[in-house]
Number of protein chains: 2
Amino acid sequence: MIPSKPRYQQVKDFIVEQISTGALRPSDRVPSENQLVVSMSVSRMTANRALRELTSEGYVERVAGRGTFVSDYRSRSHLLEVHNIADEIELRGHQHSTRVVRQSRQQARGEIAKALHVKQGTDIFHLLLVHYENGKPIQVEDRHILASFAPECLQQDFEQVTPSAYLTGVAPLQEAEQAVRASIPNRAVRRHLQMSDDEASLIVIRRTWSDGIPVTFARLHHPGSRYELTGHYAPPGTSRTMSTDVVQLENLRQ
Amino acid sequence: MIPSKPRYQQVKDFIVEQISTGALRPSDRVPSENQLVVSMSVSRMTANRALRELTSEGYVERVAGRGTFVSDYRSRSHLLEVHNIADEIELRGHQHSTRVVRQSRQQARGEIAKALHVKQGTDIFHLLLVHYENGKPIQVEDRHILASFAPECLQQDFEQVTPSAYLTGVAPLQEAEQAVRASIPNRAVRRHLQMSDDEASLIVIRRTWSDGIPVTFARLHHPGSRYELTGHYAPPGTSRTMSTDVVQLENLRQ
DNA sequence: CCAGTGAAGTTGTATATACAGGCTAGACCA
DNA sequence: TGGTCTAGCCTGTATATACAACTTCACTGG
């Protein structure tokens, strides 16, 4: 016997089902907690939990005193996940390796100083690493780290421990900001990634904070022809396998 | 008098505070529900709600029978939001306009047929639109739509209503898959976006499902020098303003 | 006719209670 | 010594109850 789903989950499924089939459309009213108490024979707390979770998942919006309404799909954000490159490669079951190109002490200048909120000339460490997936270069990591945050940085072996693993070990990193751009990389990056002259590069720019101050600033360059960020939005319970489709999408070229 | 926060929120804040200051490190044990009942004078259900929400927010992991533990920051996904271009432009307070380049009936071929799960020769509509922000081209939308899904497609005026608004009006779209790539666009796209020959393009490829079948497939090309996807991860309660910093980051050029 | 009042319905929160089920350490027995 | 079993702690779920605050709408008195 398969264990039955929790009752709050049954209530959630019921509502999502209505939305999926179109029986409930955006801005339509969703049954109130008390109506669910009667129609689904649950306690009000259980109905409340179901609707509250659907709210945080973006399916519905609730207004105290008025009711619960189906939220508009258009206003729902589509999300892309940005993983640590080492974890991502391991997740694919591939072999990850790193080569350290540069690991030096520098003084912050210009834009780096601005990004890290420090004066020109402040001590920083500069890392230039190349990450490989099954031997093929997949990312150039160009990272600057506040020297006062991680004084032992030059002694680390970043071919064994990735910078992000090292940094989170020094102190918890709470906040991050990132941007994704496309551009033609300079010659050095092209060489490290074995890219041709007319190939574009996908760049993730990430700044990370610890305890309210920005401590590291990284530019992650990927070869445009071999790397993409992917995301998938689906309501819970939609168990359709998408993996084969993703492969098809991979093969598309514009 | 400022209305005090709900008690479950106070409990959440207390735990997040401990994690932020480093008093609790990844894999450390978090006070159990019963301990919180005593130390914070709340009911067990309130402590349960606090820890349950922290679980869904990725702060902690819970194991029935063992306890609650701080989750590892490294395994937490960083997220990028991908908005509808019209909403995004309006959000910036800018003026959005659209030009329809092509709006025709076609027969699905090759990769498009594969992406939409239909046989070669199936009726589809093809849209080629250019979106402008304050008069400057910011996106080329190259979209294919299953004809059987939206038969009225050729009668629509897509300079007034965006395709995504129209499509969600036809039927709810429940599922989406997307990928972000960088590449050098072809001549037509370059011309529409007024891009120079050596400029890269950021491409969002998106497929959307309605009722279990893929109904539309779009390639959204953006000029690499004028567009980026951004994301920001911060624990709730971190109210630091990041807007000025984002501007600094905008000005960085690799 | 209009303004004010209040009833009814809604969400939001908080608690006490109960039972089921997972995990672990230590007691206990062979 | 080694295996087994149970007590105790933990999370997960479910309910009944209670009160607060908000919205809408109908009614009522001026």
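Within every chain, numbering begins at 1; the chains are lettered A, B, ... in the order of the sequence lines, protein sequences first and strands thereafter.
Between A:M45 atom CE and C:dC19 atom P the separation is 19 Å, expressed in whole Å. Atom NZ of B:K12 and atom P of C:dT13 are 10 Å apart (whole Å). Rounded to whole Å, the distance from CG on B:N48 to C1' on C:dA20 is 14 Å. In this structure, OH of B:Y8 is placed 8 Å from C1' of C:dG12, rounded to the nearest angstrom.
Heavy-atom nearest nucleotides on DNA chain D were determined for A:V63 and for A:Q10, and the one closer to the 5' end corresponds to A:Q10. Nearest-nucleotide positions on DNA chain C place A:L51 closer to the 5' end than the other of B:T46 and A:L51. Toward the 5' end of DNA chain D, the nearer of the two residues A:V42 and B:T68, judged by each one's closest nucleotide, is B:T68.
Checked by atom type, the side-chain pair A:H94/A:E133 shows a donor-acceptor distance below 3.5 Å. Between the side chains of B:D13 and B:Q9, a donor-acceptor pair is found at a separation under 3.5 Å.
Looking at B:E33 and B:R62, a side-chain N of the basic residue comes within less than 4.0 Å of a carboxylate O on the acidic one, giving a salt bridge. Between B:R52 and A:E53 there is a salt bridge, since a side-chain N of the basic residue sits under 4.0 Å from a carboxylate O of the acidic one.
Which of C:dT13, C:dC23, C:dT11 sits closest to the side chain of B:P6 comes down to C:dT13.
Within 4.0 Å (heavy atoms only), B:R44 reaches at least one base atom of the nucleic acid.
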>> Using the rule given for side-chain contact (heavy atoms from CB on, under 4.5 Å), can you reason through B:S71 versus B:V60, listing the C-alpha separation, both sets of side-chain angles and the distance that settles it, and then say yes or no?
In response: CA-CA 5 Å; B:S71 64; B:V60 301; 5.6 Å; no
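Atom CG of residue B:L220 and atom CD of residue B:Q139 lie 4.5 Å apart, to the nearest 0.5 angstrom.
Judged by distance alone, with hydrogens and angles left aside, B:R62 brings no side-chain donor or acceptor close enough to the base of C:dG22 to form a pair under 3.5 Å.
Put simply, chain B comes within 4.0 Å of DNA chain D, heavy atom to any atom, from D:dC10 to D:dA14, going 5' to 3'.
Here B:R49 reaches the OP1 or OP2 of C:dT13: one of its side-chain N or O atoms lies under 4.0 Å away.
Aromatic ring pairs are classed by plane angle as parallel below 30°, tilted from 30° to 60° and perpendicular above 60°; the pair A:H144 and A:F217 is tilted.
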